[in-house]
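These numbers come from a predicted model, not from an experiment.
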Amino acid sequence: MKQILLISFYVFNVLCNLRFKDKEQLERHHSHPEVVDEFLTVHVIPHSHDDVGWLKTVEQYFYGLRNDYQWANVEYVIDSYIEELQRDQSRKFIQVETKFFKMWWDQQNETTRGITRELVQNRQLQFISGGWCMNDEATTYYEDIIDQMTLGHKFLKDTFNYVPNIGWQIDPFGHQNSQAALSYQMGFNAWFFARIDYEDKEARLDKKNMEMIMLPPAEGVQYPIFTHIQYYHYEAPPTFNFDILRRSDAIVDNMKSESYNIKERSEQLVSYFKSQSLHYKSNHLIHTFGSDFCWSNSKVFYQNLDKLIKYINVTPEYNMKLQYSTPEEYIAEINKQNIKFETKQDDFFPYSDEPHAFWTGYFTSRVAIKGYVKRLGRQAQTYKKLIALLYQQEFVQEDYQNITNAIYELDNALAICQHHDAVTGTEKQHVNDDYIKILYKGEQHIQKLTRKILSKFLYNTTTIDYEQCEYNITSQQCTKTYSALKANKTVILTIVDGKVKQENNTDIIRIKVPNLKLLIKDQNNQVIYGDIDCTNGFQDCDLYFKYQIDKNNVIKYFTIQPVLYNESASEILLSVNPFPYTEDTLITLNSTKSFKLKYAYYQSYQQRDQADGAYIFRPSNNSKIMYGNISYTAIGYGRIMSLFRIVRTYTKSVVKNFYHQKETFDIQTYVDQIPVSDSIGKNIIMVIEVPNFNSNKTFYTDSNGLQFQKRIVDYRPQYNYSMHENVSGNYYPVTSAIYIQDGQECVGLLNDRSQGGSSLENGQIEIMIQRRLLQDDSRGVGEALKETDEKGNGLVQNIQHKLTFFNIQNNPNQIRKLQYYLDLQPLVFFNFDSKLPLIPEGLNWFLPFDGFNIEPLLIYGDNLLKFNYLLWNEDEILLRIQNMQEKFSMKIDKLEFVGQAVRTTLTGNQKWNDWKNNSLKWNYDKQVNSLDEDIDDVLYPLQIQTYLIRNSEKSYQQ
Ligand SMILES: [Zn+2]
């Protein structure tokens with residue numbers, strides 16, 4: 001037994017060291033001569049980095065189960081530091097992941113809660129970031145980031161009246177500038193992180209540029225934020241991690257002992273900090289003491305640090321003071337010194353920690369959870385919005401507890417999955433399975449509740465049995481609709497549409513139906529025309545029909561009924577005919593534009609020196625190999641669309657071109673299991689080729705669904721980049737879209753989940769759609785990325801893209817418009833009762849309360865306004881409005897009218913004006929861009945404003 005235990009300790013230490021590779025870099029820099037005369041103050045930051053799932057599930061980490069995977073239990077970490085903080089008021093601790101803190105809080109008695117409140121009150125315990133988890137930055141969508149932060153911030157506000165003011169992103173594998181801008185808007189004075197490209201870090205260490213002001217470009221207002229890059233990852237200085245797992249030698253201050261070592265050990269630490277100070281501008285330094293899941297025995301850690309702090313502080317020749325501190329206290333000191341910092345506008349992608357180790361594989365790893373998180377995240381906005389809107393109904397108010405439980409479960413599930421080892425696909429398989437289970441439960445709960453409310457609202461009874469389509473990994477399944485139609489029943493389809501102010505625009509509904517003649521009518525009894533597309537010998541059929549978006553109706557319904565053979569139907573079965581096609585055939589359909597659609601793969605590099613894996617994308621060579629042979633192609637024309645079908649050995653694609661948007665193509669790819677019988681892992685890509693298109697080695701990718709970033713092949717704007725990987729070193733996260741440009745003409749590709757993408761050749765966009773690998777990449781997960789289904793077969797997925805051609809001068813909002821429509825796809829409910837629902841007169845997104853109409857305050861034309869509600873408490877709703885246009889500001893009237901609304905930070909935990917007035921101001925070159933004033937009555941492109949609103953009986957004190 002002992003031997004096994006020793007091995008697992010050894011493995012754990014190796015794991016921790018594998019996750020970061022700063023050591024060598026640090027050693028090189030320690031060869032600098034120590035010429036520091038200044039008196040230094042060192043801020044000692046006790047912290048534990050607690051992943052919300054990685055090698056173990058959330059619960060396993062919290063309770064300390066499955067310690068054979070990793071010795072870690074967060075419950076004891078919190079117990080332990082709470083105990084030790086009480087012994088000495090100078091001790092500090094920072095708590096980061098609010099998910100774990102809430103789990104702990106929920107099981108404490110009043111005495112412990114009282115003690116904790118006191119520790120928070122006297123600021124010994126500070127909440128840093130305060131998000132539910134530490135979200136990933138490459139594969140997460142901005143709305144999901146804001147929501148996960150909001151969930152944590154609301155808990156801290158409600159429980160401790162605490163408002164976090166520092167961002168803490170110490171582990172994510174690269175950093176977006178949208179995260180920087182959002183951090184400011186969430187009320188953060190600064191943010192901290194560790195992982196930047198090793199060459200970038202080298203240059204920054206040399207030039208004392210480890211701290212800067214990030215100033216992400218934006219149309220309109222820019223949000224500057226102080227940015228700190230950690231010196232030595234998020235570790236303690238080498239040999240000074242006194243956690244029981246890390247086995248650093250204890251400090252012996254007993255002079256009578258032969259083991260007396262405090263002098264020597266203090267000198268080592270002092271020397272380390274002097275070296276560190278050569279790379280930062282101020283005489284205040286900050287350093288973390290802790291690491292993954294450390295401090296479960298805080299007594300040991302604090303006692304050793306207590307000794308060192310005391311000894312160093314009373315030894316004048318060290319010229320140094322160490323103090324327990326927090327990032328907030330450090331930032332306050334730096335701010336006082338009025339140092340002028342450089343600005344940075346671009347982001348920190350891609351990240352490599354070694355020449356052949358680009359962390360660009362996780363942009364695509366585990367496509368199923370990425371798809372689920374994105375779909376549910378989008379739908380969550382409409383669920384929450386609908387529930388908040390219907391909250392003015394008395395019967396809904398009576399159900400307050402159930403409603404908040406369901407919303408909490410949904411928010412909790414989505415928030416957990418934003419973690420940097422969840423949606424990233426860098427967790428172990430059993431942890432991934434647990435995340436899927438949590439998402440599924442959250443989804444089931446909110447669906448059940450919404451169906452109940454809808455039934456009561458539309459039929460004044462709870463006996464109407466609404467159904468929704470289930471999703472599985474390959475397609476949208478609607479077994480019950482299918483069988484009802486087959487049994488000759490009429491289906492009433494109720495849709496909830498979150499789009500506002502989209503008059504004269506149409507959207508498409510798609511549902512599974514049997515191969516029958518159908519008659520579709522809208523709620524005004526008008527016949528609707530559509531197309532049915534059948535595959536698999538007419539077994540699998542999809543009905544597509546168009547509907548008109550109507551701002552005055554949140555809810556619309558349609559009836560679908562089977563018709564007899566000789567009656568006229570409103571749909572037509574698409575006639576699809578074989579069509580000769582080769583890999584070089586241009587797809588045009590009804591468009592004036594055309595492109596080639598190819599699938600290829602990169603073979604995995606499988607040697608142990610640095611294998612291709614869940615985090616890292618490393619092809620064995622840079623050539624793309626064609627993936628599968630074409631076996632069948634066909635073309636079809638219907639009433640509302642035309643389509644192209646291509647069957648290859650390992651993929652089946654359908655390209656649809658709707659007549660109302662001819663310059664846009666919907667591409668659906670069914671990706672069969674990736675064959676690995678040749679013992680070679682594969683990274684599958686979809687390639688779009690546009691002939692005669694000079695994109696000039698430049699492409700643009702979105703940042704968490706927000707601002708586009710310019711990318712140039714083999715180039716980094718801020719440091720000299722040595723090319724070691726021509727393909728993977730040019731991969732960037734594509735959270736919602738990638739585009740290329742030739743003059744004013746653009747070709748854009750939008751996806752249905754986060755993926756990695758690039759444009760390595762003129763007129764080409766490549767996007768990685770699936771991976772199946774056979775090796776681990778030595779960054780700690782310890783498993784090869786080879787997802788399988790229950791039967792052990794490789795994972796199968798259906799993946800959707802939209803390809804669009806546009807002129808950026810004439811139509812700068814084209815990608816945003818598609819993004820808006822994708823985000824706000826309607827929720828679809830079915831029932832099979834022949835009784836029609838009551839027409840929901842006057843249910844309008846702009847009317848959250850009786851007599852409280854927001855619409856006249858929003859002065860704009862027919863454009864892309866995102867409008868979200870969240871039930872905040874029994875009296876308040878959180879309102880977010882966003883201008884989804886790429887260009888063009890939106891004029892809004894002041895929303896803070898008659899005391900019914902107050903503008904807040906993004907997470908709703910403080911008034912926006914308070915934040916603006918109290919935030920720290922920094923010294924930097926403000927000439928970089930002209931800054932527009934952030935004023936309440938303008939919504940700049942992509943800007944989000946947040947308000948708390950109340951109905952008129954309960955106004956705010958202004
Ligand atoms: Zn982590």
Side chain [X], main chain [Y], donor-acceptor under 3.5 Å:
| X | Y | answer |
| --- | --- | --- |
| D777 | I616 | yes |
| Y61 | L55 | yes |
| Q418 | V423 | no |
| K344 | L215 | no |
| N909 | K154 | no |
| Q95 | F127 | no |
| W915 | Y184 | yes |
| Q709 | Q707 | yes |
| K428 | E783 | no |
| D702 | S736 | yes |

*Six-ring centre of F341, K281 cation under 6.0 angstrom, axis tolerance 45°*: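 That pair does not qualify as a cation-pi contact.
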Point-to-point distance, once rounded to the nearest 0.5 Å, from [atom1] of [X] to [atom2] of [Y]:
| X | Y | atom1 | atom2 | answer |
| --- | --- | --- | --- | --- |
| S129 | M186 | OG | CE | 7.5 Å |
| N165 | S919 | CG | OG | 10.5 Å |
| S282 | N335 | OG | CG | 11.0 Å |
| N135 | M149 | CG | CE | 7.0 Å |
| C294 | D50 | SG | CG | 9.0 Å |
| L942 | Y940 | CG | OH | 14.0 Å |

For the pair [X] and [Y], find out whether any cationic side-chain nitrogen is under 4.0 Å from an anionic carboxylate oxygen.
| X | Y | value |
| --- | --- | --- |
| R711 | D347 | yes |
| K92 | E329 | yes |
| D353 | R779 | yes |
| R618 | E354 | no |
| R771 | D612 | yes |
| R123 | E328 | yes |

Return yes if a side-chain donor-acceptor contact under 3.5 Å exists between [X] and [Y], otherwise no.
| X | Y | value |
| --- | --- | --- |
| Y435 | H419 | no |
| T41 | Q323 | no |
| T426 | D421 | yes |
| Y351 | D200 | no |

Parallel under 30°, tilted from 30 to 60°, perpendicular over 60°: which one fits the rings of [X] and [Y]?
| X | Y | result |
| --- | --- | --- |
| F301 | W295 | parallel |
| Y280 | Y231 | perpendicular |
| H49 | H420 | parallel |
| W104 | F101 | tilted |
| F193 | F348 | perpendicular |
| F62 | F100 | parallel |

*Give the intermediate values and the outcome of side chain to side chain contact (heavy atoms under 4.5 Å, CB included) for residues Y302 and F93.*
CA-CA 10 Å; Y302 277 123; F93 201 88; 3.6 Å; yes
A side-chain contact here means heavy atoms from C-beta on lying under 4.5 Å apart; do [X] and [Y] qualify?
| X | Y | answer |
| --- | --- | --- |
| F617 | V727 | yes |
| Y232 | T288 | no |
| D147 | R880 | yes |
| F289 | Y324 | no |
| W912 | T905 | yes |
| K207 | E342 | no |
| R204 | Q718 | yes |
| Q176 | P733 | yes |

*Verdict with supporting geometry, D346 and N177, side-chain hydrogen bond (donor to acceptor under 3.5 Å, both in side chains)*: CA-CA 7 Å; D346 65 318; N177 56 19; over 6 Å; no
*Are the aromatic rings of F363 and Y731 close, with centres under 6.0 Å apart?*
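No, too far apart.
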Kindly give the heavy-atom pair with the smallest separation between [X] and [Y], and that separation in Å.
| X | Y | value |
| --- | --- | --- |
| H228 | E211 | ND1-OE2, 2.5 Å |
| H284 | I334 | O-CD1, 4.1 Å |
| M320 | F273 | CE-CB, 3.7 Å |
| M134 | I170 | SD-N, 3.5 Å |
| L269 | L308 | CD2-CD1, 4.1 Å |
| G425 | A614 | O-CB, 4.0 Å |

*Between Y330 and I45, is a side chain to side chain contact (heavy atoms under 4.5 Å, CB included) present by the stated rule, with each step listed?*
CA-CA 10 Å; Y330 169 74; I45 311 292; 5.6 Å; no
*I would like to know whether S754 and T139 meet side-chain hydrogen bond (donor to acceptor under 3.5 Å, both in side chains); could you show each step before the answer?*
CA-CA 5 Å; S754 292; T139 62; 5.1 Å; no
*Neighbour count >12 (heavy atoms, 6.0 Å) for atom NZ, K208*: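 Counting other residues, nucleotides and ligands, NZ of K208 exceeds 12 neighbours.
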*asked:* For W191 and T227: C-alpha separation, side-chain torsions, deciding distance, then whether side-chain hydrogen bond (donor to acceptor under 3.5 Å, both in side chains) applies.
replied: CA-CA 5 Å; W191 68 320; T227 304; 3.0 Å; yes
*F173 and Y615: CA distance, side-chain angles, deciding distance, ring-ring contact (aromatic ring centres under 6.0 Å, His included) verdict*: CA-CA 9 Å; F173 329 127; Y615 300 88; 5.4 Å; yes
*Given side chain to side chain contact (heavy atoms under 4.5 Å, CB included), test K201 with M210 step by step and report yes or no.*
CA-CA 8 Å; K201 187 168 180 189; M210 297 289 280; 3.8 Å; yes
_Show, in sequence, the C-alpha distance, side-chain angles and deciding distance for Y721 and D197, and conclude whether the side chain to side chain contact (heavy atoms under 4.5 Å, CB included) test is met._
CA-CA 10 Å; Y721 166 60; D197 190 277; 5.6 Å; no
